[in-house]
Amino acid sequence: MKTIIYFLFLFMVLLNTSCSGVDQPYLGPVNTIHYEMEDSILSGDYHEFTLSIVGEYLPKDWNLNVLEVCSLKEIPNDSSTQIRIDWHTPEDYFCDGNSFGTDWISFEKQLTSTSPKLKISIKKNDSDMARGVYLEFYNYEDRRFNPNYGYIIIYQKPMPDMEPFTMKIRYKGIQYTTEAHLNINEEIEYSDSEFSRIMKEIDALADVEAVVLEDDIVDYFDMSDHRVSKAIRRLRETIDSSTRCDIRDDLCSTRDLDPYRFMVADAIGYFAMFDDTGWKDTKVCANLKDLYDVNDEEYMRNIGLNDKVSSLAVAYNGTNSEICSVLTVWEDSYYNNGDNDRTKHRISIIATKQNPKVSFSNLKKIKCINSSNSWNDRISSYSFAFGNYDHYLKDY
């Protein structure tokens with residue numbers, strides 16, 4: 001995510017302070033001053049960079065007003081709305097002239113002939129928590145003029161899990177397998193060169209559909225193939241009113257951490273998504289008992305799971321082989337703007353009579369098309385319903 005550090009117009013009392021802080025009230029509008037950086041959400045690795053101020057009314061110097069930090073499990077989706085909520089002054093805060101900071105992040109104000117640059121050094125984050133820093137600064141040389149004011153928010157992710165894992169895909173009837181791992185930027189790197197070549201070929205397709213029909217295997221379909229596009233469309237067509245479907249009685253499970261432990265015996269279809277790997281922690285799930293039922297969410301922030309899902313499962317408990325359970329998830333909210341945003345992607349997880357339980361315990365094993373990253377912590381909307389199963393999908 002490429003962002004510019006957020007800055008705020010305030011109409012409030014400003015504090016004229018040094019590092020120690022002395023209250024000097026000033027009422028009136030302010031001019032914003034800000035530093036620009038490429039990304040305000042950084043990886044867990046070590047970082048060191050120097051920023052320059054951009055914009056109008058650039059000050060020759062500024063004073064530090066506030067420095068606060070936070071530790072959190074998830075980085076907010078919109079960090080500009082999280083200013084100073086659950087933030088605090090760090091116990092290890094230091095200030096020595098133009099240098100200040102904490103044990104894990106330090107700042108050095110570098111005076112120039114125009115306006116001060118800001119050198120930032122961030123240590124490697126070996127914890128399992130994300131962390132953030134909030135820096136507030138201001139300047140005014142004459143009280144008759146409006147002061148300059150700005151703030152910086154920087155988040156650092158924890159180090160990703162870079163343990164190797166196995167990826168499996170199927171394309172045009174051929175299955176490919178490779179060992180893979182995430183690098184420091186959470187991008188997938190493949191061990192097998194042929195697997196990498198096929199993924200580049202799939203990425204280059206004008207229109208591609210990703211479908212999961214078996215545990216831990218992703219099928220990719222070139223939608224320029226007429227029979228494929230027809231079969232994919234049928235997945236999303238309403239079930240005919242004359243269709244009948246009885247319920248089988250051998251799928252439910254109550255074992256701890258089994259992804260199907262919330263499934264009820266009289267449901268035809270079931271799905272569950274979890275915000276941790278291995279089907280753990282916060283969940284959203286549903287049991288559908290009628291072929292025309294639908295469970296969906298256009299923006300997963302509404303249920304506290306936006307960009308947080310790490311594992312999922314789908315089940316079809318019916319006896320009709322022409323019907324299937326379909327969980328489709330989208331990379332962006334509102335179903336990728338009604339599937340009009342072609343830069344974003346979707347993937348469908350399908351359970352059938354032949355394969356009634358389909359699950360992924362870790363979504364980092366699924367690459368998101370046109371991205372170097374996986375589907376882990378990437379889902380923003382979903383829809384779960386029944387569809388018409390075309391056996392050509394499996395025979396493709």
Legend entry - salt bridge (charged side-chain N to carboxylate O under 4.0 Å, His left out) between K308 and D281, intermediate numbers included: CA-CA 11 Å; K308 292 184 178 181; D281 214 345; over 6 Å; no

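- Minimum interatomic distance between V329 and W375 (heavy atoms only, all atoms of both residues): O-CH2, 4.0 Å.
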Inset, instruction - Test side chain to side chain contact (heavy atoms under 4.5 Å, CB included) on L67 and F107 and set out the steps. - result: CA-CA 10 Å; L67 190 151; F107 301 86; 3.9 Å; yes

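- Put simply, I303 and L312 are part of the same group of oily side chains (I, L, V, M, F, W, Y) that touch within less than 4.5 Å, one to the next.
- No path of Ile, Leu, Val, Met, Phe, Trp and Tyr side chains, each step under 4.5 Å between heavy atoms, connects V54 with Y35, placing them in separate hydrophobic clusters.
- Remark: side-chain polar atoms of S121 are not paired, donor with acceptor, to backbone N or O of E48 under 3.5 angstrom.
- Residue P160 forms a side-chain contact (heavy atoms from CB on, under 4.5 Å) with just one option from E163, K157, M162, and that option is M162.
- N185 contributes no side-chain N or O that, together with a main-chain N or O of E187, makes up a donor-acceptor pair within less than 3.5 Å.
- Side-chain contact annotation: Y382 with N295, donor-acceptor N/O pair under 3.5 Å present.
- When atom types are taken as modelled, the side chain of N340 and the backbone of N337 share a donor-acceptor pair closer than 3.5 angstrom.
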Inset, instruction - List the steps, then state whether side chain to side chain contact (heavy atoms under 4.5 Å, CB included) holds for I268 with I247. - result: CA-CA 6 Å; I268 304 175; I247 297 176; 4.0 Å; yes

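- E209 pairs with exactly one of R236, R233, K230 by the salt bridge (charged side-chain N to carboxylate O under 4.0 Å, His left out) rule, that one being R236.
- Of the charged side-chain nitrogens involved, none lies within less than 4.0 Å of a carboxylate oxygen, so that E214 and K168 do not count as a salt-bridged pair.
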Inset, instruction - Kindly determine whether W104 and D92 satisfy side chain to side chain donor-acceptor pair (under 3.5 Å), including the steps that lead there. - result: CA-CA 9 Å; W104 66 272; D92 56 357; over 6 Å; no

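- With hydrophobic clusters built from ILVMFWY side chains whose heavy atoms lie under 4.5 angstrom apart, V133 shares a cluster with L64.
- Here the closest heavy-atom approach between residue K364 and residue D161 is recorded as NZ-OD2, 3.2 Å.
- Using a 3.5 Å distance cut-off with no hydrogens or angles, the side chains of S310 and D377 do pair a donor with an acceptor.
- Shortest non-hydrogen contact noted between P90 and E68 is CD-CA, 4.3 Å.
- Considering every non-hydrogen atom in both L182 and E186, the closest pair reads CD2-O, 4.0 Å.
- The distance from atom CD1 of I105 to atom CG of N125, rounded to the nearest 0.5 Å, is 11.0 Å.
- D258 and K357 are not joined by a salt bridge, as no carboxylate oxygen comes within less than 4.0 angstrom of a charged side-chain nitrogen.
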Inset, instruction - Step by step, work out the side chain to side chain contact (heavy atoms under 4.5 Å, CB included) result for D219 and L393. - result: CA-CA 9 Å; D219 281 275; L393 290 180; over 6 Å; no

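- Checking side-chain atoms of S325 against main-chain N and O of V314 turns up no donor-acceptor pair under 3.5 Å.
- Proximity of a side-chain donor or acceptor of K283 to a complementary backbone N or O of A272 within less than 3.5 Å is not detected.
- Residues K367 and I169 form no side-chain contact, since every pair of their non-hydrogen atoms from C-beta on lies 4.5 Å or further apart.
- Expressed to the nearest 0.5 Å, how far CD of E108 lies from CD1 of I120 amounts to 11.5 Å.
- Between Y134 and E136, some side-chain heavy-atom pair lies under the 4.5 Å cut-off.
- Counting only heavy atoms from C-beta outward, the side chains of S383 and W330 approach each other to under 4.5 Å.
- The closest side-chain heavy-atom distance from W87 to V66 is not below 4.5 Å.
- For Y292 (side chain) and D240 (main-chain N/O), a donor-acceptor pair under 3.5 Å exists by modelled atom type.
- Residues S333 and N306 form no side-chain contact, since every pair of their non-hydrogen atoms from C-beta on lies 4.5 Å or further apart.
- Within the 4.5 Å cutoff, the side chain of D203 has heavy atoms near those of the N370 side chain.
- Proximity of a side-chain donor or acceptor of N362 to a complementary backbone N or O of T277 within less than 3.5 Å is not detected.
- Formation of a donor-acceptor pair under 3.5 Å by the E331 side chain with backbone atoms of H345 is found in this model.
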Inset, instruction - Please step through side chain to side chain donor-acceptor pair (under 3.5 Å) for the pair D45 and S43, ending with a clear verdict. - result: CA-CA 5 Å; D45 205 3; S43 72; 5.5 Å; no

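- In terms of heavy-atom proximity, D216 sits nearest to F360 at CA-CZ, 3.1 Å.
- Between F271 and F384, the ring planes are tilted. Angles from 30° to 60° get that label.
- Taking hydrophobic clusters as Ile, Leu, Val, Met, Phe, Trp and Tyr residues chained together by side-chain heavy-atom distances below 4.5 Å, I217 does not share a cluster with V326.
- Checking S380 against D307 by side-chain atom types alone, a donor-acceptor pair falls below 3.5 Å.
- In the displayed structure, K109 atom NZ is contacted under 6.0 Å by more than 12 heavy atoms of other residues, nucleotides or ligands.
- Under the 4.5 Å side-chain heavy-atom criterion for Ile, Leu, Val, Met, Phe, Trp and Tyr, L305 and Y335 are members of distinct hydrophobic clusters.
- In this structure the side chain of T177 reaches within 4.5 angstrom of the side chain of T166, judged on heavy atoms.
- With a 4.5 Å cut-off on side-chain heavy atoms, M199 and I188 do not count as touching.
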Legend entry - Chi angles and distances behind the side chain to side chain contact (heavy atoms under 4.5 Å, CB included) call for L51, E36: CA-CA 7 Å; L51 304 178; E36 186 174 20; over 6 Å; no

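- Interatomic distance, CD of E201 versus NZ of K172, reported as 6.0 Å (0.5 Å rounding).
- Y190 and F195 have tilted rings, their planes meeting at an angle from 30° to 60° on a 0 to 90° scale.
- Between the side chains of E298 and S381, no donor-acceptor pair of N or O atoms lies under 3.5 Å.
- Interatomic distance, CD1 of I152 versus CG of L135, reported as 5.0 Å (0.5 Å rounding).
- Side chains of R378 and S371: a donor-acceptor N/O pair is present below 3.5 angstrom, by distance only.
- Heavy atoms only, all atoms of each residue included: S229 and H226 are closest at OG-O, 2.8 Å.
- Of the possible polar contacts, none joining the D207 side chain to the M223 backbone as a donor-acceptor pair under 3.5 Å is found.
- For the atom pair T328 OG1 and R346 CZ, the distance stands at 6.5 Å (nearest 0.5 Å).
- K353 places a side-chain N or O within 3.5 Å of a backbone atom of T319 that can act as its donor or acceptor partner.
- One finds the OG atom of S359 at 10.0 Å from the CZ atom of F274 (value rounded to the nearest 0.5 Å).
- Ring geometry for Y260 versus Y270: interplanar angle of 30 to 60°, hence tilted.
- In Q175, the CD atom is crowded: over 12 heavy atoms of neighbouring residues, nucleotides or ligands sit closer than 6.0 Å.
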